[in-house]
2 protein chains.
Amino acid sequence: MATLKDVAARAGVSIGTVDRIVHNRGRFSPETAQRVKAVMKELDYRPNVLASRLSKPRRCRLAVILPQAQQDSGYWSLPLRGVERAHKALEGLGLQAKTYAYDRFDAADFRRAAEMVLKDKPDGVLLAPMIPQEAQIFLAQLGEDVPVVFIDTDLDGISPLAYIGQDSYQSGRLAARLMGLLCRGLPGRLLVLAPEARNRHLDNRLAGFRDFAAGEVAVIRSSVESDHDQDVLAKLLDDAFQEDVAGIFVTDASAHFVAEYLVSKSDGEESIQGRSGNHGLSMNECGGQSGANQQIPLVGYDLVPPNRQWMEQGRIDFLLTQRPEDQGYAGVNRLFRRIFFQESGPRVEHTPIDIVTPENLAYFPHTSYQVE
Amino acid sequence: MATLKDVAARAGVSIGTVDRIVHNRGRFSPETAQRVKAVMKELDYRPNVLASRLSKPRRCRLAVILPQAQQDSGYWSLPLRGVERAHKALEGLGLQAKTYAYDRFDAADFRRAAEMVLKDKPDGVLLAPMIPQEAQIFLAQLGEDVPVVFIDTDLDGISPLAYIGQDSYQSGRLAARLMGLLCRGLPGRLLVLAPEARNRHLDNRLAGFRDFAAGEVAVIRSSVESDHDQDVLAKLLDDAFQEDVAGIFVTDASAHFVAEYLVSKSDGEESIQGRSGNHGLSMNECGGQSGANQQIPLVGYDLVPPNRQWMEQGRIDFLLTQRPEDQGYAGVNRLFRRIFFQESGPRVEHTPIDIVTPENLAYFPHTSYQVE
DNA sequence: GGCTTTTGCGTTAACGAACACGCAACATAA
DNA sequence: TTATGTTGCGTGTTCGTTAACGCAAAAGCC
C-alpha cells in the first residue's frame, strides 16, 4: 500500500503538500496539485484509516431515534437492546450512542426529539421513521453529509445509507402461503386486518399477501389503541362474519385482539370446538381424515407478550417475526463502519423472517430472539 | 480512555515495561507486573487497536477452504462469491484472502489442501468442514491461536470462533411443519431421504423433522453420486411405496432425484393426475373442496439448478435455503473483525431459513439470493 | 576479585496521517 | 532601498503502540 510519504517522494514534494492536496486545504499551486494527483492515481494511494483516526481522534457519536420502549406492547425495547449491545462492543473504538425516544403517535413529540438531535450534531443517525412526514422534514434539516440508517420501516424517495428490516412484501407473501395451507378446504374468503394509518411497511405486507392469495381478500382497516377501539373492531369483525371467513391475517402486532374476539365469539356460540392445542394445524391429523370442524386460521406478526399468550393457547396459528434486536445491532454496526471505514454496503439489509408456531414458540426466548 | 502512558506514569514505570506486561513478553519482575496490572484495572486500560495496528502492520491473511465450486451442483460457488465480495470491501485495510478448494468426497485431497494452508500460515481460516475427521486433524495441527470460522456445517467438540450457517434443527422442524400442512388428509407415513454419510448438519435437519412430525417417519439412507446410485434409490423408493406414503422430505439438495422418480413413476401408472401448477398446494382450493387426488408432497433443500427446474414444474413443493453467499461474506467479515479488533461475538450466527415455493421462486435470482 | 551472563527496565525510532508553524521566494508598496 | 504581504511548501510534533536496542545492576562462574 502506498503512503503519503511514497506519493510525496515520487512527486518530489513534501508529505505536507500531499496532505493539503488530498484534503484540499491550505495553499498549493495548481501545477503541484496536478502532479501529485497523477502520482496518487499511479500509486493507487488510499489514506490509511487507522493512522487518520489515530491522529485525529474524532468521536463517532450516533443518535438513535426510536419510539418509546414500551410502545407497541414493549416492542421497541428490543431494537434498543441491540443498540446497547453494539455500543458496548464498539465503545472501545470511540463509539458513542445517545438514544432519543419519541411517542410514535405524536408528531409534535417527534419534532421535539428531532430538534434535540439536530442540536447535538451527531456523526450518524439510526432512525425508525414511524412518522414518515416528520422524518422527511428532519432528514432534510439534518443534511446530506450525516449518514442515516433506517430500521423497521423504509421510506420512499429518500436514500439513506441503508434500510435494515424485514422484506415486508415477501413476508406478506409467505403469510398468504401459510394461510393457503391452513385454510385449505375451508369455505369463505380471507380477512385482513390492517391499521388505519398508512405505513409502507405494513402496506407491503398487505400487498404481498394480496398478490399471493388467490382467493377473495377482504380488508378491514382498524387500529386498536383503546378499549373503545376494541369495540369498534368487534363490530367490524361482526359485519365481516356475515359472510363465511376462511382465515384471518393481521398485518401488525395486534393479532391478539382478533384472537380475543374469536374466542369470546365461539364461547358465545357453539361451545366446544377442539380449541387449545387440538386446533386444525395439528400434525396428528396427517394420515387421518381432513378436519372439518376446525377453528378459523389466524396469522399475524411479532412476538409481543399478548400474541405469545394466544399462541400458547393455540388460538394464533402463525406469527412472523423480524428479529428487532438484530436490527438495532446491525444498524449501529453499519453506521459505525461507514463513519470509520467509509464502508458503503448494500442499500437494503433484510433481517430473517422467522416463522413461529405454537410448536416452536418455546424456542423463541421471551425477551427477544437471539442466538447465544 | 487511559493509555499506556497513563498507566506507566501512575505505576511509576516506563511504557515499555507496561507493554511487556500487557503482552506478557520480554522480561519483567513479578512485583512490577502486579503493580502495573493493578493500575491497569484501576484505570480500566484497554489497548488502542488503531495504534496497535498502525505500529505493527501485520497483514490479515485469511485461508478460505471450501469444496470445489462445481460440487453439489455448483452450490459451493455461492459462498465463494460472498468471500470475494467481503475481500473486495476490506482489502483496503490489508485483508488478503486465498482460496483452497478441495474435493469433498476425497479425504486425501482435503489433506493436500490442508497442508498447503498450514505451510502458508494464515492469520485466520474460513472452513466448510465437509469431512469432519480430516477437519479435526487439520485444526489440531493449525493450533489454538489461529481463529477459525466454520460455515455451512458445524463440528462437535471443537470451539471455533464461530459457526455461520443455518439452524439445521429448526429448519428440519420447519420442514415438518410445512409437510404437515401439505399432507393433511393424506393417508400413509412420511418418508425421509437422507445421505448415507453422516453429517451433523443433515442429521440435525432429520432430527428436527422427526421431533416435529407427529406421524410415522421412515428414513431411507442413500446418496446419489452416479447413475447406478440413482437406480439404487429407485429401488429403495419402490420398496417404500409398498406402503402408503403421505409425503417425502429430502435432507440435502437431492430432492430433484426424488422428483424425477415420482414423475416417471406416475407417468408409468395412472396417467394424468393434476401435476404441474395444479398440484395440491394451489391457493385456488381455498374455499373449495379438499384435494383428494393430489400428488405426493415433496420438501427439500437448496436452490441448485435441478431443484429449481422441478420446482418450476410444480413437482417440488417447498425448498428451504440458507443464503450461502451471505455465509461466505459473514465468515470473512467475522474473521477480519476478530483479527483486527479482537472482537469476539457469538459462537453461532444463524443465516435465515428462506422458504421457497413454486410461487415465489422467481424472486430468488438464479445465481444466489442477494439483496441489491 | 574479575569475568561473563542474566535480569529488569528505560529509551527511542518507526507506523501513517493531521496540523500548527514557519521559512523562503517573490511581489508590491513606501 | 527597506518594510510588508502573499504564496508555496517543508518541518516538527502529535496520536498510542510496537519492538529493537541498550544500559545498568544483580547473579553466576572460575
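Worth saying up front: this structure is predicted, and the values here are computed from it rather than measured.
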Between [X] ([atom1]) and [N] ([atom2]), how many Å, whole number?
X: A/F28; N: D/dC9; atom1: CZ; atom2: P; result: 9 Å
X: A/R25; N: D/dT7; atom1: CZ; atom2: C1'; result: 18 Å
X: A/L54; N: D/dT17; atom1: CG; atom2: P; result: 9 Å
X: B/D6; N: D/dG16; atom1: CG; atom2: P; result: 8 Å
X: A/E31; N: D/dT7; atom1: CD; atom2: C1'; result: 12 Å
X: B/N48; N: D/dT14; atom1: CG; atom2: P; result: 18 Å

Assess whether a salt bridge exists between [X] and [Y], defined as any Lys/Arg side-chain N lying under 4.0 Å from an Asp/Glu carboxylate O.
X: B/D44; Y: B/R46; answer: yes
X: B/D154; Y: B/R347; answer: yes
X: B/R61; Y: B/D120; answer: no

**OP:** Compare the minimum distances between each of D/dG10, D/dG8, D/dC21 and the side chain of A/T32, then state the nucleotide with the smallest one.
**Re:** D/dG8
Subject >> salt bridge (Lys or Arg N to Asp or Glu O under 4.0 Å) between B/D152 and B/R104, worked out >> reply: CA-CA 13 Å; B/D152 191 86; B/R104 85 182 200 72; over 6 Å; no
Original post:
Could you go step by step and tell me if A/R81 and A/D326 meet the salt bridge (Lys or Arg N to Asp or Glu O under 4.0 Å) rule?
Top reply: CA-CA 9 Å; A/R81 281 180 44 150; A/D326 286 6; over 6 Å; no
Original post:
Taking any atom under 4.0 angstrom from a heavy atom of chain A, which nucleotides of DNA chain C are the first and last to qualify, 5' to 3'?
Top reply: C/dC15 to C/dC19
**OP:** For A/F150, check ring pair (Phe, Tyr, Trp, His ring centres under 6.0 Å) against everything at least two apart and list the hits.
**Re:** none
**OP:** Could you check B/G12 against A/L4 and say which one's nearest nucleotide on DNA chain C is further toward the 5' end?
**Re:** B/G12
**OP:** Between B/I15 and B/R27, name the one whose nearest nucleotide on DNA chain C is closer to the 5' end.
**Re:** B/R27
**OP:** Might you work through the salt bridge (Lys or Arg N to Asp or Glu O under 4.0 Å) test for A/R25 and A/D19, ending with a clear yes or no?
**Re:** CA-CA 8 Å; A/R25 63 179 161 217; A/D19 177 71; 2.9 Å; yes
Original post:
What about B/S52: does its side chain form a donor-acceptor pair under 3.5 Å with the base of D/dT17?
Top reply: no
Subject >> Between the first and last five pairs of the helix from C/dG1-D/dC30 to C/dA30-D/dT1, the angle of the axes, rounded to 10 degrees >> reply: 60°
**OP:** Pick out which of B/I21, B/V7, B/T32, B/V18 makes a side-chain contact (heavy atoms from CB on, under 4.5 Å) with B/K37.
**Re:** B/I21
**OP:** Mind checking A/V22 for me? I need base, sugar-phosphate or nothing, with any heavy atom below 4.0 Å counting as a touch.
**Re:** nothing
**OP:** Looking at every strand, decide which applies to B/R20 at a 4.0 Å heavy-atom threshold: base, sugar-phosphate, or nothing.
**Re:** base
**OP:** Working to the nearest 0.5 Å, report the span between OH of A/Y102 and CH2 of A/W76.
**Re:** 6.5 Å
